[in-house]
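To keep things clear, I will list the structure first and then write my remarks on it.
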Amino acid sequence: MPTTTYSTKTIQKIREPAYYGVKTEKNHKRAKSVPWVDVSDDDEKSKRNSLKRKNSIVNGNADHSRNGQNGHKNKKRRSSIQNGDTPQSKDLANSPGSSQSKRGHINGSGPSTPHTAKFKAVQEQRKQLPIAKGREALIEEINKNNVTILLGETGSGKTTQVPQYILESGLARNGMIAVTQPRKVAATSLAQRVAVEQNVSLGDLVGYAVRFDEKSSAQTRIKYLTDGMIVRELMSDPLLSNYSVIIVDEAHERTLRTDLLIANLKKIQAKRNPKTDPKGKGNADTSNPLKIVIMSATLDAEKFSKFYHNAKILYVKGRQHPVKIYHSAESQLDYTDAAMRTFFQIHTDQPPGDVLIFLPGQEDIESLQKSIELYAKQLPSDKSEVLTCTMFAAQEHSQNNKAFSPTPPNTRKCILATNIAETSITIPGIKYVIDTGKCKEKQYLARISGGGFDTLLTRDITKSSAMQRAGRAGREGTGACFRLYTEDAFNTMAVSGEPEILRCSLTSSILNLKCLGQNLEELDLMDKPDLDSMADLKPVASALKTLWLLGAIDNHQKLTPSGRQMALFPLEPQYACAVVASKEYGCTSEVLDIVSVLSASSKLFIDISEQRDAVTEARRKFRHPSGDHLTVLNAVKAYRDIAASENKHSRREWCRKHFLNERTFLEARDIREQLVVTCGRIGIDVSVSAKENEDLVIRSMGHGLAGNSAFLQADGTYKQTMGQTIVKVHPGSSLCDKKVPAIIYDDLMYTNQIYARGVSSIPKSFFLSLDAFKQRKA
DNA sequence: TGGTGCATT
């Protein structure tokens with residue numbers, strides 16, 4: 001157990017337990033506790049009512065009178081909709097069987113045991129889902145309308161059932177049904193579940209497609225895929241003609257890719273369903289109309305509806321146990337301290353049940369964990385034990401998984417998590433949620449000439465986020481959510497977060513759209529990045545400038561042949577440009593090694609502040625005098641040598657010893673394989689190596705990072721070559737304090753100063769060789 | 001000499 005590294009903040013907290021006594025029962029009673037106001041009932045009711053007023057409701061009162069809709073000649077559809085007496089029992093009882101026989105007929109490879117006890121249990125579960133009662137009404141509405149907005153609460157079953165209803169009713173004709181998800185785990189696990197419900201093997205009738213992993217075949221009719229995957233598909237099939245129904249799930253999350261998809265779907269529908277659009281051309285393919293279903297979990301359905309010409313909004317109740325919501329009576333200045341007090345209030349006053357605490361970041365999580373553990377030791381022995389678990393993306397998977405193991409007897413589990421637990425991961429057994437009301441958010445500040453930089457700030461969450469967090473307490477039974485902010489504070493929160501398209505670098509998206517012959521400025525988006533905002537916040541202009549610097553677009557903003565090549569790579573345009581440039585320099589092998597590591601989702605070099613000296617010592621082995629890019633290359637080469645001769649266990653041990661993240665190596669290996677395929681398609685020989693001539697590698701990287709460059713000034717700081725910003729080399733860089741004349745860098749991070757990360761030294765003369773620099777001077 | 005919420009092709 002570590003005993004040395006508490007921050008002063010933590011020590012103060014532990015030495016001054018002013019808010020909560022833990023030594024004796026007496027103290028418990030006298031302790032100052034956080035007062036709560038219960039508002040959950042009114043709150044929830046008013047929300048429901050406002051929805052009911054505005055939208056049509058899909059629930060148990062489904063209208064069955066129109067079960068013989070006309071206009072479709074499709075046999076399959078008729079057989080499943082019209083065969084039974086009462087629509088409700090008919091569909092649920094017969095359709096799995098009928099789709100089973102249909103499959104047997106089509107591919108002759110249906111699973112052999114459709115009526116086992118397990119299968120029947122699964123069908124019984126399907127029937128119990130809240131959405132099952134609205135099945136007929138739902139199908140009817142989707143049939144009638146080109147676009148349907150479906151507002152479904154958690155636990156309604158919409159994501160698994162709606163695609164099956166559409167398939168079983170024949171609405172999809174012979175096309176595929178796509179269901180898009182923002183996250184890979186969701187796409188794969190949903191497909192798994194639906195395959196079980198359809199009693200087929202995964203990849204057969206039901207499949208999925210995520211990066212590095214696809215299970216689908218010619219028989220696949222329901223395909224779960226990530227939003228990024230379908231945006232890629234758009235590049236090769238601009239009308240998405242393989243799909244007759246596209247369901248956009250979790251649309252309220254407003255990821256960059258979902259927003260681009262939603263805008264393109266509107267365009268596609270205008271072409272494929274010309275009757276609904278006066279601008280539709282006569283040559284459109286009317287035989288293959290597209291249906292769109294937008295699924296969302298929160299209150300901004302009207303915005304989606306408005307975007308799609310006032311599309312019908314349907315509402316499905318969820319199956320969520322009631323969660324009592326308490327707001328803090330006064331605002332809490334120190335949310336970690338308030339969280340600890342509240343946790344021990346729950347622990348001493350409330351019945352058994354695990355507690356989930358939402359915190360903004362790793363630092364708060366670790367500090368609060370130490371406080372809670374120390375404090376718990378002082379509890380009277382008649383109280384049950386406290387077991388803490390932490391959860392955040394940067395943590396080892398095995399550590400994150402500890403939260404899933406069953407809570408031991410006479411113990412209360414306390415899980416401290418970032419908003420990884422808000423959407424991505426569902427933890428069983430949670431009865432209480434403590435919500436600090438804070439999260440971290442990345443904001444991209446685009447400087448017109450300097451490429452832009454990121455900030456990561458702690459800020460207030462949104463209403464929809466607060467509701468999502470509270471909902472985590474009601475998955476298995478009634479629960480309670482303690483909000484460490486006042487009801488007034490909740491009321492002033494934004495309804496939902498700013499869409500990603502307004503917060504992210506647009507360089508990659510604009511390049512992709514150029515390949516589709518579209519300009520982001522002209523695209524009909526739900527939210528458009530501001531074209532005329534303040535000078536340092538022009539994301540479109542900044543992205544266009546970057547693309548021009550890379551040679552991806554010309555002076556007239558037209559896509560160049562090499563720009564088209566760059567777009568083929570699943571990389572940031574900067575790195576795609578470096579790969580394309582590596583062909584001329586003859587160092588593709590090395591550049592692929594580097595960009596695949598830089599494109600992986602987690603960092604390669606692990607920093608543990610408590611072992612800083614050991615980390616520095618281990619890193620010295622890979623350190624290259626030219627900077628961080630070739631340092632990465634050295635690490636990749638060293639790992640490759642180890643991997644060739646050692647077994648899995650010693651590889652892992654080697655990585656641990658050198659403070660290297662093996663997950664990053666493994667992900668980089670997958671990315672590299674993908675890049676090799678793309679290189680092959682455009683005639684880049686991936687085996688060409690620079691050998692000892694490493695200068696060539698830096699030059700290739702320099703082409704991609706030309707906009708991310710700075711020259712040393714007299715006072716020892718660096719000034720951007722493309723802007724006025726003064727940047728400092730990040731202390732974690734191997735070039736920190738080296739004072740080389742010119743640098744290129746991967747990105748800028750703004751904390752209290754602007755730091756360049758991923759830095760390499762490059763000859764000043766290199767820039768003279770760049771066309772973009774020549775043109776700029778002229 | 002400093003600090004990384006969550007995703008994705």
Side-chain angles (χ1 to χ4, degrees), chain A residues 7 180-187 209-214 225-236 250 253-261 358-366 391-395 417-425 436 438-443 454-459 461 465 468 497 500 503-505 508-509 511-512 515 566-573 575-576 596 599-603 605-609 612 615-616 661 667 670-671 674-675 677-678 716 728-738 747 749-757:
Chain A
S7 69
T180 72
Q181 293 292 323
R183 282 167 292 278
K184 295 209 287 191
V185 268
V210 301
R211 192 182 188 185
F212 306 130
D213 192 8
E214 171 156 13
L225 29 67
T226 48
D227 50 9
M229 209 63 182
I230 204 164
V231 168
R232 269 282 143 181
E233 219 169 291
L234 208 53
M235 314 281 282
S236 55
E250 314 284 10
E253 288 191 28
R254 303 292 309 276
T255 69
L256 178 56
R257 298 158 300 278
T258 293
D259 271 17
L260 292 176
L261 175 65
F358 282 103
L359 291 147
Q362 179 178 348
E363 197 184 6
D364 286 328
I365 286 175
E366 286 171 347
M391 257 191 167
F392 45 92
Q395 186 171 255
T418 61
N419 48 15
I420 192 172
E422 195 178 299
T423 46
S424 325
I425 293 173
T436 59
K438 301 283 176 192
C439 68
K440 286 198 179 183
E441 195 175 78
K442 200 184 227 176
Q443 187 89 32
D454 287 321
T455 57
L456 195 66
L457 300 168
T458 300
R459 53 177 292 171
I461 59 167
S465 193
Q468 181 76 31
E500 223 175 50
R503 298 188 279 119
C504 289
S505 161
S508 191
S509 303
L511 179 61
N512 287 340
C515 290
M566 293 175 208
L568 291 173
F569 288 95
L571 291 171
E572 286 298 310
Y575 296 139
S596 54
S599 305
S601 51
S602 33
K603 284 198 321 177
F605 298 112
I606 299 166
D607 277 319
I608 301 170
S609 49
R612 185 175 294 180
V615 172
T616 314
N661 190 346
E667 192 186 341
D670 288 341
I671 295 172
Q674 238 184 358
L675 302 180
V677 173
T678 313
K728 286 186 86 173
V729 177
H730 193 277
S733 166
S734 60
L735 274 193
C736 185
D737 294 331
K738 288 288 184 288
D747 59 2
M749 186 75 194
Y750 176 75
T751 46
N752 45 21
Q753 294 184 82
I754 299 172
Y755 287 104
R757 301 184 301 184

Does the base of B/dT9 carry an N or O that pairs as donor and acceptor with the side chain of A/Arg232 under 3.5 Å? yes

Assign each of A/Lys440 and A/Glu667 the nucleotide of DNA chain B bearing its closest heavy atom; nearer the 5' end lies the nucleotide of A/Lys440

Would you classify A/Val210 as touching base, sugar-phosphate or nothing, given that sugar-phosphate means primed atoms plus P, OP1 and OP2, and contacts are heavy atoms under 4.0 Å? sugar-phosphate

Give one of base, sugar-phosphate or nothing for A/Gly361, where a contact means two heavy atoms less than 4.0 Å apart. sugar-phosphate

Among B/dT9, B/dG2, B/dT4, the nucleotide that comes nearest once only the side chain of A/His730 is considered: B/dG2

Under the rule for ring-ring contact (aromatic ring centres under 6.0 Å, His included), what residues qualify as partners of A/Phe392, not counting sequence neighbours? none

Under a 4.0 Å N-O cut-off, is there an ion pair linking A/Glu667 with A/Arg211? no

Side-chain contact check for A/Ala393: nearest option of B/dT8, B/dT4, B/dA7 is B/dA7

Please classify the nucleic acid contact of A/Ile420 as base, sugar-phosphate, or nothing, using heavy-atom distances under 4.0 Å. sugar-phosphate

Choose from B/dG5, B/dT9, B/dT8 the nucleotide whose nearest atom is closest to any side-chain atom of A/Lys442. B/dG5

So, is A/Lys438 close to the B/dG5 phosphate, meaning a side-chain N or O under 4.0 Å from OP1 or OP2? no

B/dG2 P sits how many Å from A/Asp747 CG, rounded? 18 Å

Say you draw a straight line from CD of A/Glu250 to OG1 of A/Thr258; how long is it, rounded to the nearest 0.5 Å? 9.0 Å

So A/Lys728, base contact, sugar-phosphate only, or nothing? Heavy-atom distance under 4.0 Å. nothing

Tell me: CD of A/Gln468 to P of B/dA7, nearest whole Å? 14 Å

If you look at every strand shown and take non-hydrogen atoms under 4.0 Å, does A/Glu441 touch a base, only sugar-phosphate, or nothing? nothing

Under-4.0 Å side-chain N/O to phosphate OP1/OP2 contact, A/Ser508 with B/dT9: no

Taking the side chain of A/Tyr755 as its heavy atoms from C-beta onward, which of B/dC6, B/dT8, B/dT1 lies nearest to it? B/dT1

Interatomic distance, A/Leu225 CG vs B/dT8 P [rounded to whole Å]: 13 Å

Any side-chain N or O of A/Thr418 less than 4.0 Å from the OP1 or OP2 oxygen of B/dC6? yes

Apply side-chain hydrogen bond (donor to acceptor under 3.5 Å, both in side chains) to A/Gln468 and list each qualifying residue two or more places apart in sequence or on a separate chain. none

Let me know the distance between CD1 of A/Ile365 and P of B/dG5, rounded to the nearest Å. 8 Å

Students often get this wrong, so: under 4.0 angstrom with heavy atoms, is A/Phe392 touching a base, only sugar-phosphate, or nothing? sugar-phosphate

Check this for me: A/Gln753, atom CD, are more than 12 non-hydrogen atoms of other residues, nucleotides or ligands nearer than 6.0 Å? yes

Taking every non-hydrogen atom, the tightest pair across A/Arg257 and A/Gly228: CD-CA, 3.5 Å

Kindly point out which of B/dC6, B/dT8, B/dT1 is positioned nearest to the side chain of A/Arg183? B/dT8

Among B/dT4, B/dT9, B/dT8, which is the nearest nucleotide to the side chain of A/Glu572? B/dT9

